[in-house]
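For reference, the structure is listed below as structure tokens.
These numbers were taken from a predicted model, which means no experiment stands behind them. Protein chains get the first letters and strands the later ones, always in sequence-line order, with residue 1 at the start of each.
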Amino acid sequence: MGEYAEQVFEQVRRIPRGKVATYGQVARLIGRPRTARYVGYALRANPAPGADAAATPCHRVVFKDGSLCRGFAFGGPEVQREMLEAEGVPFLEDGRIDLAACAWDPAAPEDAPGLPTAPPPDFDWARELGE
DNA sequence: AATGTGACCCTCT
DNA sequence: GAGAGGGCCACAT
């Protein structure tokens with residue numbers, strides 16, 4: 001596996017239970033902004049997505065608008081949604097994830113005191129993270 | 001070797 | 001506000 005993919009997995013494994021990250025966010029974290037697309041490619045190489053989900057929870061990586069990847073992944077978006085809901089990730093009425101409520105903030109790791117860290121809905125947190 | 005193609009995101013019309 | 005295009009990694013032909 002390439003170094004790029006390894007860094008992708010490394011970051012994805014840091015996403016805590018009940019939180020989600022976006023492809024673009026992961027790309028920034030590994031020092032490769034604007035390669036969000038290839039993050040998806042790297043995750044595609046994840047062996048046995050379902051079984052490996054505990055070690056590499058790629059189901060916690062979603063689109064920037066809070067929607068899930070269409071087509072193949074975990075056996076379908078519905079399965080992915082069930083996995084996320086089982087972790088307490090809130091979904092909106094339109095079927096998208098409430099990113100404002102469960103977006104992962106790498107700057108506020110688990111060992112930090114439990115903070116709300118819920119930015120306003122119009123807060124472009126992804127952009128802030130990259131700059 | 002060159003080309004095409006993806007689990008995407010941003011910028012510019 | 002929507003549509004088009006570019007970015008730029010890994011891997012299969």
May I have the distance from A/Ile30 (atom CD1) to C/dC9 (atom P), rounded to whole angstrom? 10 Å
Atom CZ of A/Arg96 to atom P of B/dC8: distance rounded to whole Å? 16 Å
Non-neighbouring partners of A/Arg37 that pass salt bridge (Lys or Arg N to Asp or Glu O under 4.0 Å), sequence neighbours left out: none
When rounded to whole Å, the CG to P distance for the pair A/Leu43 and B/dC8 reads 10 Å
Any donor-acceptor pair under 3.5 Å linking the side-chain atoms of A/Gln7 with those of A/Gln11? no
In this structure, how many angstroms lie between the P atom of B/dA7 and the CG atom of A/Asp65, rounded? 16 Å
Taking donor-acceptor contacts at under 3.5 Å, does the side chain of A/Arg37 reach the base of B/dG6? yes
Which of these nucleotides, B/dC9, C/dC9, B/dT11, is closest to any side-chain atom of A/Arg34? B/dT11
Lys NZ or Arg CZ of A/Arg32 over A/Tyr4 ring: under 6.0 Å, within 45°: no
Could you give the distance separating C/dG6 and B/dG4 at their P atoms, to the nearest angstrom? 14 Å
Gap between atoms CD and P, on A/Gln11 and C/dC9 respectively (whole Å): 17 Å
Gap between atoms CG and P, on A/Leu99 and B/dC8 respectively (whole Å): 16 Å
In whole angstrom, what separates A/Arg28's CZ from C/dC9's P? 16 Å
The nucleotide from B/dA7, B/dC9, C/dC11 with an atom nearest the side chain of A/Arg44 is B/dA7
Rounded to whole Å, please give me the gap between OH in A/Tyr4 and P in C/dA10. 8 Å
Residue met sooner reading DNA chain C from 5', once A/Gly2 and A/Ala36 are mapped to nucleotides: A/Ala36
Determine, stepwise, if the pair A/Arg96 / A/Phe63 fulfils side chain to side chain contact (heavy atoms under 4.5 Å, CB included). CA-CA 9 Å; A/Arg96 294 183 302 141; A/Phe63 289 156; over 6 Å; no
